2 protein chains.
Amino acid sequence: MAYISAYAPKRATILQVAKDAGVSKTSVSRYLGEGRRLLSEPMQKRIAQSIERLNFKPDRIASSLRGRRTRLIGMVVTDITTPYTVQIMRSIENAFYQRGYTLVVCNTDSDPELEANHLQVLQSYNVEGIILHTSSGLGDTLGSLQRDHAPMVLIDRTIEGAELPCISLDNAQAMALGIEHVRQQGFHHLLYITQPLGGFSSREARARAFDDQLQHQHTLSGEQLELSDENAEATLIEALTRLLEQHHAPCVMCSNAKVALKTLRVLDKIEGIGKTGFITFDEEAWSPLVAGGITTIAQPADQIGERAATTLYRQLHEASPAAQSYSFPATLHIRRSTQTGAGEHTVTRQRASVAQGK
Amino acid sequence: MAYISAYAPKRATILQVAKDAGVSKTSVSRYLGEGRRLLSEPMQKRIAQSIERLNFKPDRIASSLRGRRTRLIGMVVTDITTPYTVQIMRSIENAFYQRGYTLVVCNTDSDPELEANHLQVLQSYNVEGIILHTSSGLGDTLGSLQRDHAPMVLIDRTIEGAELPCISLDNAQAMALGIEHVRQQGFHHLLYITQPLGGFSSREARARAFDDQLQHQHTLSGEQLELSDENAEATLIEALTRLLEQHHAPCVMCSNAKVALKTLRVLDKIEGIGKTGFITFDEEAWSPLVAGGITTIAQPADQIGERAATTLYRQLHEASPAAQSYSFPATLHIRRSTQTGAGEHTVTRQRASVAQGK
DNA sequence: TTGTAAGCGTTATCAT
DNA sequence: ATGATAACGCTTACAA
């Protein structure tokens, strides 16, 4: 059960390089870091050669210990399986890579306990900062955080009671964009299907925006459906069937791609595609292809990621950590699924007539 | 431009705990690790209390330095945007998390140079092992690797000249599964669309399997199309149009989901959906929804990830690193897109007749 | 411009 | 069963 060292031929150390070059450790260390410009030309050359000859690579772990900078950033995410999330990850990883940082990503599968654990582990590696997409709506996270945790930036979801900057979509604007489009297309009733709010600020913001904004609509009525994971299909069948029966010119709006997928499968099953309008949050690669093309409210994932990264980076490097929350506007991708006949909406009976869109 | 320390109230150290508990550093360290069972009950209790009181959390960086075990695993991936890749990541992260390791994932965007850099960075953090989905088909990676790199396991793609274990799909079996299904469904011609082979073992394996296996077919002819990123659409339009014109009972097979998406968009555009069979590698969430449901050859991403993780783990902990490559069989998900009329294939003119599948 | 020496927080070795 | 002490590889005062 003993541990077998993997590094058989041990890497060269700074000391060996120093000896080889006939200089001091300090000079080598200087050469590696900021202080290089302090060194004389010949010295630089000798060190460079030794480094080359010994194939020396600095050990960041040792460097971190003494230097107090790990150049590690932690990211905790609820669901690495969501393309939107992945896109944010990607842009954050990229932004930090440029700046010499390495991103450590942990997946919580929406489990607050796992989230707490991951947060602990990240701290134990002395990550310099953390980007968190929290899976605990009600601030459980705060308790599990060390009093003196690394600087942190939230994405999408705020944490109650914490004064942490949050970068997210402008949910009110996004909802307005969607509703306005639906209205313009002449739909008369809008069913908003969302995952259970569960205390998540983003879900709540959208739901609230939906209610608020429908108050001011005259030609458009609306209702919400909270779709939990259990019984999702049965619930949807019931709700969508009723929608089709009871409403003239109905439209469905989904709170994200996951919900959209479930909804579309049920719509497909009950032959409801084309009989109702359809719009959803999240633009994905398959959006143009499903049901002849679905209209989407796209989240600017790259911008959110980029901004989260720079916000965090500033916290690390600026004296006054004037951390700012920020929300970005959504974009509308209009496709067949919200297209209606000229002005007047037509309930289409045959699927063929809603056939393939662009 | 000075660095502002983020850890204002410094975390407690082992030394402080030791003092607080009135014991030696060694004992505290023992308490934290394997040696806990060597300690007496009262001692354990006292240490536990001090740890609690001081909110002590061990510093893994320091521990790594002296202990020579970082409990870090590096993973380098060509495209974090691919769901298949993400699924593998997920299962690997999970497998290692169970064992107390943390996964550091780097994305190369299929850039060999980035790959080399990431590999370097990972080594500099003394990751104990590496999982690599290489973006350099022809072994450039080898050169950039340190002579004494951490144990490594490949996924999907082998590296020429390297004796590294590779966990992947059984491409020959997968192709056979697909071709056999297509044949059984009564298609007469199969167009295989793949990304440029570019020296990648997985792509090559599939392409080779395609050629080999079609040799033995009597009722089925075939051809391959290498689709590069430039001009993809124009190329596809031309190829697919020709396919529809020149062949009776044609079918299209795509080498992965990305290619499938592009192909489907073009098929959609030229109103070709339903006029040709369709089958693709990679099962995704939208597979049942697009074009009435598409038939897919699913890769067992979870198994691949799990196996890659355990293979690497063994290399770290077993004396005889009898590292084994392994390939897993694919599964077929049959849907509308390869359904034909009873036995005899019918070239369907109306889309309605290929309408929504389950 | 270069070097010396003292740590960083932990684990390993060797005593007791 | 417990402790003193020396590393781990690097950075950083402080000297020269």
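First the proteins, then the strands, lettered A, B, ... as listed; each starts at 1. In this text, all values refer to a predicted model and were calculated from it rather than measured experimentally.
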- Verify the contact: side-chain N or O of B/Ser27 to OP1 or OP2 of D/dG3, cut-off strictly under 4.0 Å; return yes or no. yes
- Task: Please say whether more than 12 non-hydrogen atoms of neighbouring residues, nucleotides or ligands are located less than 6.0 Å from CD in A/Gln98.
- Result: yes
- What's the CZ-C1' distance between B/Arg69 and D/dG9, to the nearest Å? 19 Å
- Message: For A/Phe328, is there any backbone N or O sitting under 3.5 Å from a side-chain donor or acceptor partner on A/Gln303?
- Response: no
- Message: Quiz question: by atom type and distance under 3.5 Å, do the side chains of A/Ser135 and A/Glu115 form a donor-acceptor pair?
- Response: yes
- With a 3.5 Å cut-off and no angle check, do the side chains of B/Arg307 and B/Tyr326 form a donor-acceptor pair? no
- Query: A/Ile61 CD1 to D/dT11 C1': how many Å, rounded?
  - Reply: 15 Å
- A/Asp156-A/Tyr84 side chain donor-acceptor pair, cut-off 3.5 Å: yes
- Just checking, is any N or O donor in the side chain of A/Asp111 or A/Thr108 under 3.5 Å from an acceptor N or O on the other one? no
- Item | Expected output: side-chain B/Gln44 to main-chain B/Arg36 donor-acceptor under 3.5 Å | yes
- Query: Looking at side-chain heavy atoms only, is the closest gap between A/His133 and A/Val76 below 4.5 Å?
  - Reply: no
- Message: Using whole Å, what does the distance between atom P of nucleotide C/dC8 and atom CD of B/Gln16 come to?
- Response: 11 Å
- Item | Length of the line joining A/Arg36:CZ and D/dT11:P, which is rounded to integer Å | 13 Å
- Task: For the helix from C/dT1-D/dA16 to C/dT16-D/dA1, figure out the bend between the end axes, five pairs an end, and round to 10 degrees.
- Result: 30°
- What is the per-nucleotide protein-contact pattern of nucleotides 9-16 of chain C, from the 5' end, where B denotes a base atom under 4.0 Å from a protein heavy atom, S denotes such proximity for sugar-phosphate atoms only, and - denotes neither? BBBB-B--
- Protein-nucleotide distance (A/Ile51, atom CD1; D/dC10, atom C1'), rounded to Å: 13 Å
- Between A/Leu38 (CG) and C/dT2 (P), how many Å, whole number? 9 Å
